[in-house]
Number of protein chains: 2
Amino acid sequence: MATIEDVAKLAGLSRTTVSRVINDQPYVTEEKKQRIIQAMNDLGYVPNSSARRLRSQRTETIAVLLPRITNPFFGNLIESMEEKASEWGYQVIVCQTHDSEKKEMDYLQLLKTKQVDGVIMASIINNWDDVEPYLESGPIVVCNEYMEGTPVPTVHMDHKKASYEATLHLMEQGCNHIAYVSGGPNSHLTSQRRKGFEEALKDKGTTKIEDLNIDWALDVKDGQKVFHFIKENHPYIDGVFTGSDEVAAGIIYEASQNDWEIPHDLAVVGFDNQMISLLMVPSVTTVEQPVKQMANKAVEILLQQLLHPGTHYPREYVFDHELLIRNSTKRRKLSVH
Amino acid sequence: MATIEDVAKLAGLSRTTVSRVINDQPYVTEEKKQRIIQAMNDLGYVPNSSARRLRSQRTETIAVLLPRITNPFFGNLIESMEEKASEWGYQVIVCQTHDSEKKEMDYLQLLKTKQVDGVIMASIINNWDDVEPYLESGPIVVCNEYMEGTPVPTVHMDHKKASYEATLHLMEQGCNHIAYVSGGPNSHLTSQRRKGFEEALKDKGTTKIEDLNIDWALDVKDGQKVFHFIKENHPYIDGVFTGSDEVAAGIIYEASQNDWEIPHDLAVVGFDNQMISLLMVPSVTTVEQPVKQMANKAVEILLQQLLHPGTHYPREYVFDHELLIRNSTKRRKLSVH
DNA sequence: TTGTAGGCGTTATCAA
DNA sequence: TTGATAACGCCTACAA
């Protein structure tokens, strides 16, 4: 493998001059520059990235922590982040924590070992106290998930507001017994959703409104189980708020298999506006998050911190959701405005 | 940031000895070892990864090239690969080429610049001649996609056989006018699928069988367009072979919106057995690939090459598909065997 | 405008 | 069993 030294020798110049050419620095005669470029081509020279990193103490790489990439929400998030980062010449390392506290900590080590310059946490399950020390090694931005009292910039949607609105919608459609279905590890985000749900019940609800709480539903299969659980144990339930389009899809799928009519027998709300929510029969009412915008903002803030250290940024960037009303909840005829 | 030197000083020993402890080498008294570990903890020392890489010429990282991670097939593939790689202490870098020849080449540079030790290509759109030179910098394994005449190990399914079988199935269900719908860049894989399709027509077909070819369908939206194209221009078509569950879903979705009955008016076959193919109404007949097994095998071969250079491996590992027959093609009553 | 020389943090070689 | 020393390949004061 050719090194900068080889190039220098072949071009009859010094390493310094070659380095200047590599890094596009001034003070090199055009003629010598050409000679060097020629030599680089002849040797198939490429700068060694480890050496550069060691010398410059920068990797031009950021890590994004998320639970799993097969979840389309995170898939889309990372795609946008990568696009944005590469505009600035930064690479992205995808770190799937699989909801493991240990893996999360392991990946944060990338910061300490200088394998990445900064980290975006799209999920966070350890206590902030355990994460905070890593800030010494580089900037961290939280995106999607959020925690109170953290000193780092946080980019997220108002999940409480979103679930409030979705729940209200269910009630407006005449649902009187709404189940709350969630899953995955507890986090601030999920608890905010829960709060929005409860507030909506309280604000609009009569004492008659009942509430079934399921906290183990994550995917389509779980959704199917949820349906049977409702059917067998809580058949009076007439509306479901879920934190995931996949769970919603599972419920709806199984409901049709069992001749329940959606939304008449059961109205269902999903979350994330994944493709599946549009394709289901009936299509699924869901909450759309501005994924791309959040991704861009998170990357932007992180890179700004890397490029202009010391600058201060607002701690919170809150984005708006959009409730997409589809057939899985349309129990009432639309009234004319 | 503490360095090995700091640890050595604090422990009153030399860098060498500290390095031995870090790398679990013999010839260190238990007592000194403890002293060093103590010192490392006190200082919060972590070895600098760039320095290690520079010195050892190994990164313990591999790159996986694929078109886009939002495609569930590749999402699952990468997930399994990462799992397998991490068992061996290797990291995975996800490289989305977005079907760009340039990006593919850019990512291959990771090999040259020593940012990764090896590469798995889950897609390949440049000519092999352009890729081959990179072999000098490290091993490459091709997975999913495949090319004839390459000297590297290749892990894949027999797409020709799969599409042959799927097409045969359509004909057995009484389809006489089958459209072939594909999309994305041409590759050996897609041409194999095409061949299987054609062979099935030839083997079983009468001269009456017609064939509509569409090569621009990639996602759900395209599938919707395909439906309208068929409806308006080729209404006699009664069967569709698609290379993607998403396209199939789009066709089916739009068909129901237009009161076509699936599979009676149009039988549809998808590919990949994605969740959506099961949830659609009707459920979609599809081809399942043994993603996990292929992923594991590809990683295994690559790591073996890294750990035991020079060993030779079979050039090809071919896995079997499974045709999952669902409602989108069941035009005939099942006969009793 | 060009070159010299030192060091980034590790690990490998060799000597003690 | 331990330590001194020389790389790994690059960048950057500083000197010329």
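What you are looking at is a predicted structure, and each value in this text was computed from that prediction instead of being measured. Residue numbers start from 1 in every chain, and the chains themselves are labelled A, B, ... in the order their sequence lines are given, proteins ahead of strands.
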In whole Å, I'd like the distance from the [atom1] atom of [X] to the [atom2] atom of [N].
X: B/L13; N: C/dT11; atom1: CG; atom2: P; value: 16 Å
X: B/M1; N: C/dG9; atom1: CE; atom2: C1'; value: 12 Å
X: A/E5; N: C/dA5; atom1: CD; atom2: C1'; value: 12 Å
X: B/Q115; N: D/dC8; atom1: CD; atom2: C1'; value: 16 Å
X: A/E60; N: D/dC11; atom1: CD; atom2: P; value: 11 Å
X: B/Q57; N: C/dT10; atom1: CD; atom2: C1'; value: 12 Å
X: B/L54; N: D/dC10; atom1: CG; atom2: C1'; value: 8 Å
X: A/I36; N: C/dT2; atom1: CD1; atom2: C1'; value: 10 Å

### Query
Are the side chain of A/E79 and the backbone of B/I69 linked by a donor-acceptor contact shorter than 3.5 Å?
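No, the answer is negative, given that no donor and acceptor are paired below the 3.5 Å cut-off.
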#### Entry: Reference residue A/K297; test side-chain contact (heavy atoms from CB on, under 4.5 Å); the match among A/L302, A/V141, A/V155
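Exactly one pass, corresponding to A/V155.
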Can you see if the side chain of [X] gets near the phosphate of [N] - specifically, an N or O under 4.0 Å from OP1 or OP2?
X: B/T17; N: D/dG3; value: yes
X: A/Q25; N: C/dT1; value: no
X: A/N48; N: D/dC8; value: no
X: B/S14; N: D/dG3; value: yes
X: A/T16; N: C/dT2; value: no
X: B/T29; N: D/dT2; value: yes
X: B/K32; N: D/dT2; value: yes
X: A/R52; N: D/dG9; value: no

Categorize [X] for me: base, sugar-phosphate, or nothing, with a 4.0 angstrom heavy-atom threshold over every strand shown.
X: B/P26; answer: nothing
X: B/V18; answer: nothing
X: B/R15; answer: base

### Query
For DNA chain C, whose closest nucleotide is more 5', that of B/Y45 or that of B/R20?
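The 5'-side residue here is B/Y45.
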### Query
Between the side chains of A/Q304 and A/E300, does any donor sit under 3.5 Å from an acceptor?
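Short answer, no.
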### Task
Using only heavy-atom distances, determine whether the side chains of B/S19 and B/T16 contain a donor-acceptor pair under 3.5 Å.
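Side chains of B/S19 and B/T16: no pair found under 3.5 Å.
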### Mutual orientation of the aromatic rings belonging to B/H156 and B/Y146 [parallel < 30°, tilted 30-60°, perpendicular > 60°]
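B/H156 vs B/Y146 ring planes: parallel.
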### Query
Does the side chain of A/Y90 reach to within under 4.5 Å of the side chain of A/K84, using non-hydrogen atoms?
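Answer no - side chains too far apart.
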### Task
Tell whether B/R55 reaches the base of D/dA7 with its side chain through a donor-acceptor pair below 3.5 angstrom.
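Checked by distance alone, the answer is yes.
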### Query
What's the closest nucleotide to the A/T3 side chain, out of C/dG9, D/dG9, C/dA5?
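The answer is D/dG9, which lies nearest to the side chain.
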### Query
Between C/dT10, D/dC11, D/dC10, which one does the side chain of A/I22 approach most closely?
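Of C/dT10, D/dC11, D/dC10, D/dC11 is nearest to the side chain of A/I22.
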